[in-house]
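Working notes for the structure below.
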Amino acid sequence: MINKTLLFTYLYLLVYILLSSGVILYNKWVLSPKYFNFPFPITLTMIHMGFSGAVAFFLVRVFKVVAPVKMTFEIYATCVIPISAFFASSLWFGNTAYLHISVAFIQMLKALMPVATFIMAVMCGTDKPRCDVFLNMVLVSVGVVISSYGEIHFNVVGTVYQVTGIFAEALRLVLTQVLLQKKGLTLNPITSLYYIAPCSFMFLFVPWCLLEKPHIQVSEDQFNFWIFFSNALCALALNFSIFLVIGRTGAVTIRVAGVLKDWILIALSTVIFPESTITGLNIIGYAIALCGVVMYNYIKVKDVRASQQPSESLPERITKDWKLEKKSSDIFLPNDTSDNGKGSSGGNGGASDLNFDEETPLLSTSRLSHIGRSQLMRDS
């Protein structure tokens with residue numbers, strides 16, 4: 001007899017992997033001068049944000065699928081605005097990287113996400129420096145350096161854009177934990193888009209006017225409605241699929257699925273985009289980085305288990321685990337399609353907000369980081 005619950009869980013994981021990979025490859029195809037040739041990443045991100053914000057508005061205000069949270073001006077100014085600013089920045093830089101480097105190399109660089117998140121968490125005081133975690137971060141960094149050294153089409157500009165986007169995403173994840181958690185604010189996927197997408201759109205508007213608007217007017221690019229509509233729709237679907245996966249699984253499962261997705265994505269990108277070449281040194285470096293990521297996740301899982309009372313019975317532990325997992329899944333922030341949240345998620349190793357993957361230039365990636373989830377559990 002097939003367990004229907006387990007079957008649906010695997011189905012949701014499969015949908016998540018397909019949508020996440022599809023959105024990243026779709027964005028690359030749209031932005032790449034060699035294919036659809038729409039080299040305007042800020043414009044593409046704004047299209048996603050505008051579409052997501054509009055859908056969220058109708059769901060909240062017109063169809064009343066969910067009720068808006070009690071959002072005061074003080075909470076909006078101190079929480080939503082700074083989070084939206086760094087969210088918009090991570091999407092901007094992450095999507096711009098597609099113009100300069102391959103999807104495969106971007107996924108390898110995303111292994112730096114746990115490193116960036118750990119650094120930002122220590123700087124913001126939400127985590128403490130630890131020797132074991134630091135050694136794992138060194139291992140991840142060494143792996144990424146080796147992978148970069150083996151990259152045939154290495155581009156400094158694209159690498160800087162991607163790394164900057166990763167650190168912006170990491171800071172957003174930490175701010176999500178620090179600001180929203182302290183305010184006791186919980187956001188589901190719809191209300192997250194309702195409040196954050198319009199604000200992120202406005203943050204992108206200024207650089208768009210300065211950097212892309214004049215060139216779009218001069219080049220008179222043909223605007224294919226169905227291409228951009230389907231692209232934005234896929235990104236929106238990705239965010240909802242992430243929510244379903246998080247609701248049915250835990251942080252470890254989504255992380256494993258993320259690692260699997262990255263390997264699939266790296267392989268697919270070399271087939272779809274033949275100009276992307278993977279070397280043996282790329283693979284060796286990325287494998288080393290993933291070892292560090294896996295060890296980091298193991299340490300975090302051990303910390304969560306150690307925080308539990310040893311006197312608890314097995315049923316009590318199961319109940320507590322479920323409540324903690326449920327609580328840590330309450331906050332949801334959009335994912336970025338650059339796969340930078342999101343996330344991704346590249347960086348599938350240690351940081352993902354509930355958004356998870358950071359993978360849609362509309363919403364990455366986003367989600368509480370694995371650090372954030374673990375900290376939440378400890379604080380509970």
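We number each residue from 1, following the sequence as shown. Since the structure is predicted, the reported quantities are computational estimates derived from the model, not experimental observations.
Remark: Trp208 pairs with Thr43 by the side chain to side chain donor-acceptor pair (under 3.5 Å) rule, at least two apart or across chains. Contacts of Ser230 classified as side chain to side chain donor-acceptor pair (under 3.5 Å), with partners at least two apart in sequence or in another chain: Tyr26. Not counting sequence neighbours, Glu275 has no partner by the salt bridge (Lys or Arg N to Asp or Glu O under 4.0 Å) test. Under the rule for a ring pair (Phe, Tyr, Trp, His ring centres under 6.0 Å), Phe73 has no partner lying at least two apart in sequence or in another chain. Taking the ring pair (Phe, Tyr, Trp, His ring centres under 6.0 Å) definition, one finds that Tyr12 meets it with nothing, sequence neighbours left out.
Close placement of the Phe229 and Phe51 rings is indicated, their centers lying within 6.0 Å of each other. Ring to ring, Tyr149 and Phe154 are not that close: their centroids are 6.0 angstrom or more apart. For Trp263 and Tyr286, the distance between ring centers is under 6.0 angstrom.
Ring pair Phe58/Phe63 is tilted by interplanar angle, where 30° to 60° counts as tilted. Ring planes of Phe36 and Phe38: tilted class, angle from 30 to 60°.
Side-chain atoms of Phe134 and Cys131, non-hydrogen and from C-beta on, never get closer than 4.5 Å to each other.
To the nearest 0.5 Å, the span separating CD1 on Ile227 from CD1 on Ile47 amounts to 11.5 Å.
One N or O on the side chain of Thr279 and one on the backbone of Gly150 form a donor-acceptor pair closer than 3.5 Å.
For residues 64-85, the side chain to side chain donor-acceptor pair (under 3.5 Å) pairs, not counting sequence neighbours, are Glu74-Lys183.
Of all heavy-atom pairs spanning Met137 and Tyr296, the tightest one is CE-CD1, 3.5 Å.
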